[in-house]
Peer 1: 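The structure under discussion is supplied below as structure tokens; questions concerning it will follow.
Just so we're on the same page: letters track the sequence lines, and every chain starts at 1. What you see below is based on every heavy atom in this structure, not just the backbone, and it leaves out hydrogens, waters and symmetry mates. Keep in mind it's a predicted model, so treat the numbers as computed, not measured.
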Amino acid sequence: MELSKNFEHKASEEKWYKHWIEKKYFSSTPDEREPYTIVIPPPNVTGVLHMGHCLNNTIQDILIRRARMMGKNACWVPGTDHASIATEAKVVQMLRERGIQKASLSREDFLSYAWEWKEKYGGIILQQLKKMGCSCDWDRTSFTMDPAYYKSVINVFIDLYNKGYIYRGKRMINWDVKAKTALSDEEVIRKETKQKLYYLKYLIEVDDSPMADGSNTNFITIATVRPETIMGDTAICVHPKDERYKHLHGKFAFVPLINRRIPIITDDYVTMEFGTGALKVTPAHDMNDYQLGQKHNLEVVDIFNEDGTLNADAQIYIGEERFEARKKIVKELGEKDFLLKTEEYTSEVGYSERTDAVVEPRLSLQWWVNMKKISGPALDVVMNEDIKFYPSKFKNVYRHWMENIKDWCISRQLWWGHRIPAWYDEEGRFVVASTEEQAKKMFNEQFSIVNAQLTQDEDCLDTWFSSWLWPFEVFKGYSNPGNKEAAYYYPTNTLVTAPEIIFFWVARMIMAGMEYKKEIPFKEVYFTGIVRDKLGRKMSKSLGNSPDLLEMIEKDGADAVRFGIMISSPAGNDLMWDESGNEQGRFFINKLWNALKLVKMWEARQGNSQQPIANSFAVDWFDNRLNEVKTELEILFKEFRLSEALKTIYSLIWDDYCSWYLEWVKPGFEQPIDAEVYNKTVDYFEELLQLLHPFMPFVTEEMYHELRVSKDGDDLTIKQMKPIELPNKELLATAVLLKQVISSLRDIRVKNLIKPKETIKLSIETTNKKSYQQIESILCKQVNAESISYVTSPVAASISAVVQADKFYIDTDNPIDNTSQKAQLLKDLDYLKGFLLSVEKKLSNEKFVQNAKDDVIDAERKKKADAEAKMKAIEESLAAL
RNA sequence: GGGAGCAUAGCUCAGUUGGUUCAGAGCAUCUGCCUUACAAGCAGAGGGUCCGCGGUUCGAACCCGUGUGCUCCCACCA
């Protein structure tokens with residue numbers, strides 16, 4: 001069949017993906033082979049594919065496909081994460097669009113809407129991964145709220161509670177007023193924010209005693225960025241050693257606008273230099289103030305509702321939103337002469353990761369995991385490199401966090417998620433149990449209450465409290481411990497993820513793995529960089545600088561997109577993504593396609609040996625070159641230097657195979673090609689496609705089938721790689737020489753205006769005639785020489801060139817441009833003189849000869865000899881001019 | 001405030017225990033070619049104070065110190 005002019009990516013992608021799935025090539029079941037397992041970092045079930053996913057999943061696919069082709073039982077487990085806050089927010093928004101308020105729904109009704117939403121949109125991102133060519137085992141698709149998974153999460157909670165690792169406690173937490181839920185510390189993003197620092201006057205309670213310094217100051221000035229919280233003030237605090245305020249120790253002040261009488265206390269927590277050195281203490285709405293409050297036994301006045309509006313305890317502006325209230329309060333403070341001045345001020349403010357609302361510190365009763373109890377082994381396995389981090393710098397980051405680990409707030413005031421299995425009676429007593437019956441039984445046992453009226457905790461667990469079980473629970477490693485699959489696939493091999501979630505997820509998976517499997521969850525973690533745009537900005541939805549992936553795949557093809565992201569992706573560093581990478585990918589595909597066309601043309605032209613010597617050199621050389629590069633690739637893959645691996649394959653195909661090898665074995669116009677050479681050429685092509693396949697699966701599979709008639713089931717995606725053989729260094733060196741000679745001769749042809757079609761007569765002056773004889777005919781073809789002869793002295797009136805220590809002369813009838821030739825030779829000579837000088841200096845330096853290693857000295861001696869030989873050759877050439 | 005990382009060609013980056021002719025690659029630029037697979041191509045070329053300064057060494061892009069600039073992470077200074 002006639003080959004199409006270009007690779008048609010759309011049809012090919014559809015055809016091959018379907019074929020691979022039908023053949024179940026991506027399905028894995030335990031067998032006698034060594035497993036290679038990756039669990040996908042489950043994307044949000046609400047998510048759509050963005051550039052970060054593209055990078056991350058392309059990398060995973062490359063690793064898994066290569067493992068599959070190297071004889072491993074490759075298993076890539078896909079799935080999604082229920083993403084409690086994000087999903088619930090989307091469902092709430094959907095309901096709002098339909099005119100339904102969440103508050104008007106029962107929990108059950110809301111959840112049925114949520115599930116409906118999940119069924120409808122939840123699979124989108126997985127379909128998008130298929131478009132990219134990801135070779136996941138789709139039969140294993142998991143979801144963190146699958147029934148069995150759900151149960152495991154609940155049982156883990158119960159287990160940790162029974163071990164005393166989980167507790168319920170009233171603490172200051174990060175409150176998301178938009179989602180109306182608690183957040184963990186990790187879900188708070190700190191951003192530099194421009195604010196105002198307000199200087200407020202608090203009147204001092206007047207008593208009979210005069211001021212110590214005789215002044216008549218009857219107020220104290222405090223500085224705050226949150227004037228709307230003054231109604232929650234329950235003290236003013238100054239530094240005990242601050243002379244300015246010593247006369248106020250033990251006195252009372254009044255909160256402006258509401259006139260609450262509050263004590264002036266002292267604590268060395270206060271920084272005298274900041275603001276006025278006097279601090280308003282609001283224990284209900286600030287982490288530090290809360291601690292101060294506890295220490296000094298202060299009253300706690302909570303003035304906010306859960307949505308961030310002021311409540312009745314605020315006394316004024318009740319029902320107003322906090323930032324609206326701030327504006328109004330500032331205005332009123334100004335009018336009533338309490339506001340002394342306002343300064344511009346920049347500080348870090350916490351925002352909710354999911355909703356971007358300014359986080360409100362809030363005192364509330366939540367569930368916590370005591371992290372110190374489970375973090376120990378998880379720290380050790382990373383520090384001693386049972387789990388290896390790439391790049392290793394993340395080890396330090398990890399250690400720092402683990403050593404300063406704080407308790408994890410795991411309850412969320414949401415409905416979408418795993419409901420906390422705690423049961424309360426009317427008096428607030430509670431037990432933790434998986435079912436109501438169980439809970440009743442426990443109430444009976446613990447409190448001697450028969451048939452207690454119980455209600456279950458309304459809250460859900462943090463999403464990460466489910467995804468930390470991912471590496472083993474996707475194999476039912478917790479719910480069905482010791483099962484064959486978990487035993488075979490766990491620990492998994494490689495985790496590929498973003499450094500942003502090292503604490504959220506990576507650290508906690510390691511903890512859960514150590515706690516429940518007594519084994520690491522993965523052997524290595526490869527942290528990818530962040531995808532940025534040309535200007536270095538992080539790609540994000542809000543900036544609108546993230547391209548539409550599906551559109552790109554449609555336009556350029558999945559292979560080109562995969563090429564584009566991988567070619568610009570240095571290991572572990574951020575990458576500046578630019579659409580021109582896709583273009584380079586497309587050009588590369590085109591190059592491959594044209595090479596295919598050429599080789600296919602030869603298919604019907606096979607004959608008997610025509611140019612045996614030249615071809616056997618080319619064939620032998622490429623075999624060795626392939627093995628040389630395969631060795632390099634081994635190392636690159638081991639270190640996750642995938643971008644370099646791709647570059648290496650790219651250059652092997654484009655330069656070595658297309659530019660050199662194919663030209664060397666190419667038969668003359670309409671001439672036959674030796675059948676054996678042809679077969680070797682196809683073999684090499686196949687092997688190249690195989691090396692490239694993990695990066696660009698579709699075009700390579702397509703070409704594999706075009707190249708040679710294949711039997712059913714003979715597909716590239718499962719074709720096993722050939723083992724590496726040791727290359728012949730001498731042969732490789734001869735090829736390097738050959739390439740250098742060809743380039744030099746082409747160069748002087750161009751410089752001397754010899755037309756491409758014009759043949760030359762070439763003379764070679766060398767001490768190594770044997771090497772040249774095996775490459776003679778290639779050389780002739782490549783520099784368009786009609787003859788080659790060997791000489792022992794310079795050829796007069798010719799154009800000359802020097803490569804290594806050999807001299808080349810071209811006879812020509814053209815007028816010779818001696819000047820440029822001379823200039824070039826002189827330039828080379830000059831360079832060599834300098835070079836030789838430095839080498840000789842080294843060799844005559846006693847200290848060098850004493851200190852340097854023998855092989856370094858030998859190398860220097862060789863450099864000297866080579867340089868001298870070459871200089872001699874150049875000088876002779878110059879003399880002949 | 002603490003910690004980490006980066007700085008090499010116009011751009012994006014390699015440069016793996018300091019020593020081959022080591023100053024590299026891709027893209028971009030320039031020159032010449034529609035040469036019988038490929039102009040989405042071929043054959044060539046130019047281009048750098050390896051951020052500044054100081055030090056160690058026979059020898060430094062590489063090691064040490066310091067300065068500058070940028071990035072990221074962590075941390076409760078109103």
Side-chain angles (χ1 to χ4, degrees), chain A residues 3 6 172 190 197 222-226 237 269-271 273-282 286-291 345 347-348 350 361 391 393-394 396-397 400-401 404 499-500 502-503 530 534 536 567-570 572-578 580-581 583-584 586-602 635 639 641 643-644 647 650-651 658-659 662-663 666 668-670 742-743 746-747 749-751 753 755-757 784 804 831-832 835 838-839 841-853 855-860 862-863 866-867 870:
Chain A
L3 206 55
N6 300 108
M172 201 55 127
R190 287 177 189 283
L197 192 58
I222 60 94
T224 180
V225 294
R226 300 207 59 190
C237 189
Y269 159 76
V270 176
T271 311
E273 292 74 33
F274 188 87
T276 60
L279 171 75
K280 78 185 197 64
V281 186
T282 321
D286 185 283
M287 300 272 181
N288 304 307
D289 291 9
Y290 178 66
Q291 277 160 22
Y345 180 69
S347 71
E348 304 254 298
K393 64 179 174 187
F394 289 110
N396 288 331
V397 179
H400 185 258
W401 189 75
N404 298 288
E500 299 152 10
I502 183 169
F503 308 132
I530 294 166
K534 253 193 275 190
I567 202 71
S568 59
S569 170
N573 287 333
D574 290 358
L575 64 104
M576 305 279 204
W577 187 86
D578 177 5
S580 69
E583 190 176 52
Q584 203 187 337
R586 254 174 31 229
F587 291 177
F588 183 39
I589 288 168
N590 194 249
K591 182 74 183 178
L592 280 163
W593 200 253
N594 281 306
L596 175 68
K597 272 199 254 181
L598 176 67
V599 173
K600 290 286 279 180
M601 274 171 56
W602 298 343
I635 296 162
E639 295 175 359
R641 299 164 72 144
S643 174
E644 279 173 74
K647 280 177 186 160
Y650 176 86
S651 156
C658 293
S659 296
L662 288 179
E663 295 299 334
K666 190 190 250 179
F669 186 52
E670 292 188 343
I742 293 169
S743 291
R746 280 175 177 168
D747 183 26
R749 280 187 67 116
V750 170
K751 287 195 171 129
L753 306 173
K755 294 208 174 73
K757 281 188 176 166
N784 199 14
Q804 294 188 9
Y831 173 77
L832 282 168
F835 175 70
S838 78
V839 174
K841 208 171 124 192
K842 257 191 226 178
L843 284 169
S844 60
N845 184 327
E846 270 179 42
K847 286 189 176 171
F848 172 72
V849 181
Q850 277 167 19
N851 296 330
K853 286 180 205 151
D855 53 335
V856 173
I857 296 171
D858 288 346
E860 290 302 317
K862 186 171 182 304
K863 277 198 261 180
D866 288 351
K870 182 151 189 191

Peer 1: Tell me what V270(A) touches on the nucleic acid: a base, only sugar-phosphate, or nothing, going by heavy atoms under 4.0 Å.
Peer 2: base

Peer 1: Looking across every strand, which nucleic acid part, if any, lies under 4.0 Å from C237(A) by heavy atom: base, sugar-phosphate, or nothing?
Peer 2: nothing

Peer 1: Nearest-Å distance, NZ (K862(A)) to C1' (rG19(B))?
Peer 2: 15 Å

Peer 1: Going by heavy atoms in the side chains, are L279(A) and F274(A) under 4.5 Å from each other?
Peer 2: no

Peer 1: Between L575(A) (CG) and rA14(B) (C1'), how many Å, whole number?
Peer 2: 16 Å

Peer 1: Could you give me the CA-CA distance, side-chain angles and deciding distance for I857(A) and L843(A), then say whether side chain to side chain contact (heavy atoms under 4.5 Å, CB included) is met?
Peer 2: CA-CA 8 Å; I857(A) 296 171; L843(A) 284 169; 4.3 Å; yes

Peer 1: NA contact type, N590(A), heavy-atom cut-off 4.0 Å: base, sugar-phosphate, or nothing?
Peer 2: base

Peer 1: Taking atom C1' in both rA23(B) and rA37(B), compute the distance separating them and give it to the nearest angstrom.
Peer 2: 36 Å

Peer 1: Name the nucleic acid region contacted by E273(A), choosing base, sugar-phosphate or nothing; use a 4.0 angstrom heavy-atom cut-off, strictly under.
Peer 2: nothing

Peer 1: Quick one: K591(A) NZ to rC38(B) C1', roughly how many Å, whole number?
Peer 2: 6 Å

Peer 1: Of all the choices, rC76(B), rA78(B), rA14(B), which nucleotide is nearest to the side chain of N288(A) once you look at every atom?
Peer 2: rC76(B)

Peer 1: Rounded to the nearest angstrom, tell me the gap between atom NZ in K847(A) and atom P in rU57(B).
Peer 2: 8 Å

Peer 1: Can you tell me if the side-chain N/O atoms of R641(A) get under 4.0 Å from OP1 or OP2 in rG15(B)?
Peer 2: yes

Peer 1: Just the rounded figure in Å: distance from C1' of rA78(B) to CD of Q291(A).
Peer 2: 14 Å

Peer 1: Rounded to whole angstrom, note down the P distance from rG65(B) over to rG3(B).
Peer 2: 14 Å

Peer 1: Rounded to whole angstrom, note down the C1' distance from rC77(B) over to rG69(B).
Peer 2: 28 Å

Peer 1: Between L598(A) and K647(A), name the one whose nearest nucleotide on RNA chain B is closer to the 5' end.
Peer 2: K647(A)

Peer 1: Between rU8(B) and rG52(B), how far is it from one P atom to the other, in whole Å?
Peer 2: 10 Å

Peer 1: Taking atom P in both rC50(B) and rG24(B), compute the distance separating them and give it to the nearest angstrom.
Peer 2: 13 Å

Peer 1: Given the P atoms of rC72(B) and rU56(B), what is the spacing between them in whole Å?
Peer 2: 37 Å

Peer 1: For W401(A), which residues count as a ring pair (Phe, Tyr, Trp, His ring centres under 6.0 Å) partner, sequence neighbours excluded?
Peer 2: F503(A)

Peer 1: Quick one: what's the B/S/- string for nucleotides 27-36 of chain B, heavy-atom cutoff under 4.0 Å, read 5' to 3'?
Peer 2: ---------B

Peer 1: Tell me every residue that passes salt bridge (Lys or Arg N to Asp or Glu O under 4.0 Å) with E663(A), counting only those two or more places apart in sequence or in another chain.
Peer 2: K666(A)

Peer 1: Name the residue closer to the 5' end of RNA chain B, choosing between R190(A) and N594(A) according to the nucleotide with the nearest heavy atom.
Peer 2: N594(A)

Peer 1: Enumerate all atom pairs, one protein N or O and one N or O from nucleotides 69-74 of chain B, separated by less than 3.5 Å.
Peer 2:
none

Peer 1: Looking at residues at least two apart in the chain, or sitting in another chain, which of them share a salt bridge (Lys or Arg N to Asp or Glu O under 4.0 Å) with E348(A)?
Peer 2: none

Peer 1: How would you list, by chain and number, every residue that makes a side-chain contact (heavy atoms from CB on, under 4.5 Å) with Y290(A), sequence neighbours excluded?
Peer 2: M172(A), Q294(A), L363(A)

Peer 1: Identify whether any heavy atom of Y269(A) sits under 4.0 Å from a base atom; if not, whether one sits that close to sugar-phosphate; answer base, sugar-phosphate or nothing.
Peer 2: base

Peer 1: CD1 of I222(A) versus P of rA78(B): gap in Å, rounded?
Peer 2: 13 Å

Peer 1: When rounded to the nearest Å, what value does the distance between P atoms of rU16(B) and rA61(B) take?
Peer 2: 13 Å

Peer 1: May I ask you to say what S743(A) touches in the nucleic acid, namely base, sugar-phosphate or nothing, with a heavy-atom cut-off under 4.0 Å?
Peer 2: sugar-phosphate

Peer 1: Within the 4.0 Å heavy-atom criterion, would you say Y290(A) contacts the bases, only the backbone, or no part of the nucleic acid?
Peer 2: nothing

Peer 1: Regarding rA37(B), can its base be found pairing with the side chain of E663(A) as donor and acceptor, where the two atoms are less than 3.5 Å apart?
Peer 2: yes

Peer 1: Using the C1' atom as the point on both nucleotides, what is the distance between rG26(B) and rC63(B), in whole Å?
Peer 2: 30 Å

Peer 1: Pairs counted only when both distances fall under 3.5 Å, Watson-Crick or G-U: show me the 5' to 3' dot-bracket for RNA chain B, [ ] for pseudoknotted crossings and | for other-strand partners.
Peer 2: (((((((..((((.....[....)))).(((((.......))))).....(((((..]....))))))))))))....

Peer 1: Please enumerate all residues that pass side-chain hydrogen bond (donor to acceptor under 3.5 Å, both in side chains) together with S743(A), with sequence neighbours excluded.
Peer 2: none

Peer 1: Please give, in whole Å, the distance from rG1(B) C1' to F274(A) CZ?
Peer 2: 14 Å

Peer 1: Going by the rule side-chain hydrogen bond (donor to acceptor under 3.5 Å, both in side chains), which residues pair with Y345(A) if we only count those two or more places apart in sequence or in a different chain?
Peer 2: none

Peer 1: Of the candidate nucleotides rC58(B), rA45(B), rU16(B), which contains the atom at the shortest distance from the side chain of F848(A)?
Peer 2: rC58(B)

Peer 1: With a 4.5 Å heavy-atom cut-off, do N784(A) and R749(A) have their side chains touching?
Peer 2: yes

Peer 1: Listed by chain and number, what are the salt bridge (Lys or Arg N to Asp or Glu O under 4.0 Å) partners of R586(A), not counting sequence neighbours?
Peer 2: D556(A)

Peer 1: From rA37(B), rC13(B), rA43(B), pick the nucleotide closest to the side chain of M576(A)?
Peer 2: rC13(B)

Peer 1: Report yes if some heavy atom in the side chain of Y269(A) is under 4.5 Å from a heavy atom in the side chain of C237(A); otherwise report no.
Peer 2: no

Peer 1: Side chains of K647(A) and S643(A): does their closest heavy-atom pair fall under 4.5 Å?
Peer 2: yes

Peer 1: Got a sec, which residues hit salt bridge (Lys or Arg N to Asp or Glu O under 4.0 Å) with K862(A), two or more places apart in sequence or on another chain?
Peer 2: D866(A)

Peer 1: Checking E500(A) now: which residues fulfil side-chain contact (heavy atoms from CB on, under 4.5 Å) with it, not counting sequence neighbours?
Peer 2: A498(A), I530(A), K538(A)

Peer 1: Tell me the interatomic distance from I857(A), atom CD1, to rG18(B), atom C1', rounded to whole angstroms.
Peer 2: 15 Å

